[in-house]
Novice: 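What follows is a structure written as structure tokens; I'll ask about it next.
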Number of protein chains: 2
Amino acid sequence: MDKDKIDYYRRLGLKITPQRLAILEYLEGNTSHPTAEDIYRHVSEKFPSMSFATVYNTLEALKEKGLITELNIEGGRKRFDPNPQPHHHFVCTKCGKIIDICKSLDLKIQNFDQMGLIIEKFQIFFYGRCSKCK
Amino acid sequence: MDKDKIDYYRRLGLKITPQRLAILEYLEGNTSHPTAEDIYRHVSEKFPSMSFATVYNTLEALKEKGLITELNIEGGRKRFDPNPQPHHHFVCTKCGKIIDICKSLDLKIQNFDQMGLIIEKFQIFFYGRCSKCK
DNA sequence: GTGTTTGCAAAGAATTTGCAACGAA
DNA sequence: TTCGTTGCAAATTCTTTGCAAACAC
């Protein structure tokens with residue numbers, strides 16, 4: 001990872017340790033929506049002494065900075081999504097694959113103020129069959 | 001609960017035990033999106049000997065019959081929603097309250113077939129502030 | 001009677017915590 | 001030097017399982 005990017009993370013208030021760097025590198029451009037375990041397995045190849053606590057720690061820090069999103073999808077475990085642009089998700093009900101749906105979807109979100117609600121963001125989960133499973 | 005309703009559940013293939021009845025009664029019309037623990041706490045007042053296994057058992061059976069939906073919302077624990085009509089959810093990012101959004105939302109879900117995806121259903125989570133927290 | 005459900009206790013998965021040692025800035 | 005991070009192990013939290021007894025139908 002280049003210095004500019006590291007400086008960017010630092011300016012956000014993240015201390016950059018080698019472990020964190022490895023996690024950031026693994027997440028960068030990753031569209032597989034990994035679980036904490038996926039991240040642990042991958043990064044601990046490079047840092048065999050690394051613990052889960054560090055993974056969760058780092059993920060929590062990244063979440064606070066808005067660099068990743070936590071996805072809670074049926075199946076229990078949390079998944080982490082480093083895609084910074086607003087998007088939605090398709091979940092294959094057979095194989096479990098999660099696909100980013102990046103197209104912007106027009107949604108009439110008027111009338112929420114009448115209900116006294118202020119919407120900050122919304123997230124859509126589509127469920128169905130992916131091209132391999134249909 | 002009246003006999004007709006019980007018969008309805010029986011015809012779905014559910015054996016109706018007193019514990020299950022109590023769970024069904026608790027869920028009927030319930031819009032609080034309870035966790036398994038909420039259900040356990042409430043029903044165990046009537047059946048102090050009841051175990052969590054029975055709660056999870058029953059919820060699993062109801063889920064299979066399509067009578068309830070499982071919601072996975074940030075925070076880790078599963079929530080259960082007995083509202084049978086298609087709807088979406090608003091989650092208050094401050095107090096955690098979950099509100100049903102029952103209005104039908106037009107969503108252009110064309111083009112998914114071009115991506116090779118077959119959509120069975122979709123679910124929208126809105127995040128923001130509720131009337132008390134804004 | 002038959003097969004399912006219950007309750008218990010124990011196991012299991014996923015995540016979080018306490019704390020001493022370490023290391024980035 | 002300072003304060004946040006790491007690694008370890010243990011603790012928590014939430015959910016599931018195995019099995020004998022009880023129960024619905």
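All values reported here derive from a predicted model rather than from experimental measurement. First the proteins, then the strands, lettered A, B, ... as listed; each starts at 1.
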Novice: Round to the nearest Å and state the distance from B:Lys15 atom NZ to D:dC23 atom P.
Specialist: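 Computing the B:Lys15:NZ to D:dC23:P distance gives 13 Å.
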Novice: Between B:Met50 (CE) and D:dA22 (P), how many Å, whole number?
Specialist: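 Taking CE of B:Met50 and P of D:dA22, I get 19 Å after rounding.
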Novice: Using whole Å, report how far CD of A:Gln19 lies from C1' of C:dA24.
Specialist: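 These atoms are roughly 11 Å apart.
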Novice: B:Lys78 has an atom NZ; how far is it from atom C1' of C:dA13, in whole Å?
Specialist: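 Going from NZ in B:Lys78 over to C1' in C:dA13 covers 11 Å.
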Novice: Check the side chains of A:Thr54 and A:Asn57 for a donor-acceptor pair under 3.5 angstrom, ignoring hydrogens and angles.
Specialist: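 No pair is found: no donor N or O on one side chain lies under 3.5 Å from an acceptor on the other.
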Novice: What's the closest nucleotide to the side chain of A:Pro18 if the choices are D:dG7, C:dA24, D:dT6?
Specialist: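 Shortest atom-to-atom distance from the side chain points to C:dA24.
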Novice: Between C:dT4 atom P and B:Glu60 atom CD, what is the distance in whole Å?
Specialist: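 Those two atoms, CD and P, are 16 Å apart.
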Novice: Would you say a side-chain N or O of A:Arg77 is under 4.0 Å from OP1 or OP2 of C:dT15?
Specialist: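 Answer is no, no contact under 4.0 Å.
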Novice: What pair of heavy atoms forms the shortest contact from A:Gly128 to A:Phe90, and how long is it?
Specialist: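 Taking A:Gly128 first and A:Phe90 second, the nearest heavy atoms are C-CZ, 3.6 Å.
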Novice: Consider the side chain of B:Arg20, meaning its heavy atoms from C-beta on, and name the nucleotide among D:dA24, C:dT15, C:dT6 that approaches it most closely.
Specialist: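 Nearest to the side-chain atoms of B:Arg20, counting from C-beta on, is C:dT6.
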Novice: Mapping B:Thr17 and A:Pro48 onto DNA chain D by nearest heavy atom, which one lands closer to the 5' end?
Specialist: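 Whichever sits nearer the 5' end wins; that is A:Pro48.
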Novice: So if I take every side-chain heavy atom of A:Tyr56 and compare against C:dG7, D:dT16, C:dT15, which nucleotide ends up nearest?
Specialist: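 Of the candidates, C:dT15 comes closest.
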Novice: Looking at the side chain of B:Ala53, which of D:dG7, C:dA9, D:dT6 is the nearest nucleotide?
Specialist: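 Of all the options, the side chain of B:Ala53 is nearest to C:dA9.
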Novice: What's the shortest heavy-atom distance between A:Ser51 and A:Tyr40, and which atoms?
Specialist: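 Nearest pair, atom of A:Ser51 first, then A:Tyr40: C-CE1, 3.9 Å.
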Novice: Whole angstrom is fine here: how far is it from OH in B:Tyr40 over to C1' in C:dC8?
Specialist: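 Rounded to the whole Å, the gap is 11 Å.
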Novice: Within a radius of less than 6.0 Å around NZ of A:Lys65, do more than 12 heavy atoms belonging to other residues, nucleotides or ligands occur?
Specialist: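 Yes, because the 6.0 Å sphere around NZ of A:Lys65 holds more than 12 heavy atoms from other groups.
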Novice: Check step by step if side chain to side chain contact (heavy atoms under 4.5 Å, CB included) holds for B:Phe80 and B:Asn30.
Specialist: CA-CA 10 Å; B:Phe80 298 91; B:Asn30 186 323; over 6 Å; no
Novice: Can you check the B:Phe52 CZ to C:dG12 P distance for me, whole Å?
Specialist: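 Going from B:Phe52 (CZ) to C:dG12 (P), I get 20 Å.
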Novice: Check the distance between D:dT13's C1' and B:Glu37's CD and give it to me in whole angstrom.
Specialist: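 After rounding, the reported distance stands at 10 Å.
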